[in-house]
Amino acid sequence: IAFVQDTPGYSERPLYVMNADGSNLIHLADLPTTPGRPTWSPDGAKLAFRVNLTYQLYIVNSDGSGLVAVEGVSGDDPSWSPDGQLIAFAGNGVNSRTDIFVVKPDGTGLTNLTMTPSAEGTPDWSPDGSRIVFSRFFSGGNIELYTMNQSGGDHVRLTNTADSGQQEQETGQTKDS
């Protein structure tokens, strides 16, 4: 289990890990701003997380060693690919809206996968790593789920909670695009 202890009156926000039964508490890092959304690598050896205010992405080993910023990468909702080779995340993209990106853990290979006029977020990988599911946020406050392949193509809309004709026109996306 990975968690952040937020104690009122203290500026540091420690990041911890522990076993599911509460044993083996390990203090990973103190950061001047709150770490958020820690996510485990598939092998359990590392955590990726972002820090509030700057949304800088970081990676740290599960024993607390090796804390590094993923250079030049700011975003939210990090999600490791099942093979541990990529991290998907939501970051600033087209028209200052949030797009879905992938990057290698060392900060190389940064790629914007969505580039749409709508904002996207909360990416997660399919168990086999072939697809990424994500939320698309529309101007009327509607949120729909989509999937795409790991290179950003083949957007498939999974949900339809409002007038689909209006939304498809707004995003320019269709089930086959």
Side-chain angles (χ1 to χ4, degrees), residues 1-18 20 25-127 129 131-138 143-148 150-152:
I1 297 174
F3 67 97
V4 176
Q5 181 181 13
D6 190 3
T7 306
Y10 291 91
S11 61
E12 286 79 27
R13 306 296 194 263
L15 177 63
Y16 290 95
V17 295
M18 68 176 159
L25 180 68
I26 299 173
H27 175 246
L28 297 183
D30 281 324
L31 297 164
T33 184
T34 307
R37 306 193 189 270
T39 182
W40 291 98
S41 62
D43 63 4
K46 296 180 182 293
L47 279 168
F49 61 95
R50 58 103 168 118
V51 295
N52 287 348
L53 302 179
T54 65
Y55 285 84
Q56 174 69 52
L57 290 183
Y58 284 85
I59 295 175
V60 65
N61 294 326
S62 61
D63 65 1
S65 66
L67 176 66
V68 294
V70 181
E71 288 301 318
V73 177
S74 296
D76 201 4
D77 304 321
S79 177
W80 293 84
S81 62
D83 64 7
Q85 299 300 305
L86 292 171
I87 299 171
F89 66 96
N92 286 335
V94 174
N95 299 324
S96 299
R97 292 202 174 133
T98 310
D99 286 339
I100 304 301
F101 292 79
V102 292
V103 67
K104 293 180 181 176
D106 66 3
T108 62
L110 179 64
T111 306
N112 185 334
L113 299 181
T114 53
M115 294 187 283
T116 69
S118 295
E120 288 101 10
T122 61
D124 203 0
W125 295 83
S126 63
R131 310 271 314 159
I132 299 170
V133 64
F134 61 97
S135 300
R136 182 167 286 157
F137 307 94
F138 295 98
I143 302 170
E144 302 292 346
L145 290 178
Y146 283 76
T147 65
M148 65 182 156
Q150 66 177 327
S151 61

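We number each residue from 1, following the sequence as shown. Everything quoted here is computed from the prediction, not taken from an experiment.
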Rounded to the nearest 0.5 Å, the CG atom of Asp83 sits from the OG atom of Ser41 at a distance of 11.5 Å
Open item on the list: Could you go through Ser135 and Leu145, starting from their C-alpha distance and side-chain angles, then the distance that decides it, and tell me whether this counts as side-chain contact (heavy atoms from CB on, under 4.5 Å)?
Closed with: CA-CA 5 Å; Ser135 300; Leu145 290 178; 3.7 Å; yes
Is any side-chain heavy atom of Thr116 closer than 4.5 Å to a side-chain heavy atom of Arg136?
yes
Decide side-chain contact (heavy atoms from CB on, under 4.5 Å) for Ile87 and Ile59; before the verdict, give the C-alpha distance in whole Å, the side-chain angles of both, and the deciding distance to 0.1 Å. CA-CA 11 Å; Ile87 299 171; Ile59 295 175; 3.8 Å; yes
With a 4.5 Å limit on heavy-atom distance, are the side chains of Tyr58 and Leu67 in contact? yes
(Q) Side chains of Val102 and Trp125, heavy atoms from C-beta outward: is any pair under 4.5 Å? (A) yes
Discussion item. Is there a side-chain contact between Arg37 and Asp77 in this structure, where contact means two heavy atoms from C-beta onward sitting under 4.5 Å apart?
Written reply: yes
Does the side chain of Phe49 come within less than 4.5 Å of Leu15's, by heavy atoms?
-> yes
Minimal heavy-atom distance between Ala90 and Thr98, with the atoms involved, is CB-CG2, 3.4 Å
In Thr114, Asn112, Thr111, Leu113, the residue satisfying side-chain contact (heavy atoms from CB on, under 4.5 Å) with Phe101 is Asn112
Heavy atoms of Pro42 and Gly84 approach each other most closely as CG-N, 3.7 Å
| Side-chain heavy-atom pair Leu47, Val17 within 4.5 angstrom cut-off | yes
Heavy-atom closest pair (Ser79 atom, Pro123 atom, distance to 0.1 Å) is CB-O, 3.4 Å
Inset, instruction - Go through Glu144 and Phe137 one step at a time and tell me if the side-chain contact (heavy atoms from CB on, under 4.5 Å) criterion holds. - result: CA-CA 7 Å; Glu144 302 292 346; Phe137 307 94; over 6 Å; no
Where the side chain of Gln85 meets the backbone of Lys104, is there a donor-acceptor pair that is under 3.5 Å apart? no
Taken to the nearest 0.5 Å, the spacing of Glu71 CD from Thr108 OG1 works out to 12.0 Å
Open item on the list: Any side-chain to backbone donor/acceptor pair from Trp40 onto Lys46? Under 3.5 Å, distance only.
Closed with: no
How about Phe89 and Arg50: do any of their side-chain heavy atoms sit closer than 4.5 Å? no
* For Thr39, does its backbone N or O pair with a side-chain atom of Trp80 as donor and acceptor, under 3.5 Å? -> yes
dist Ile143:CD1 -> Ser118:OG (nearest 0.5 Å) comes out at 11.5 Å
So OH of Tyr146 and CD1 of Ile100: to nearest 0.5 Å the spacing works out to 13.0 Å
d(Ile132 CD1, Ser126 OG) to nearest 0.5 Å is 8.5 Å
When rounded to the nearest 0.5 Å, the distance separating OG of Ser81 from CG of Asp124 is 11.0 Å
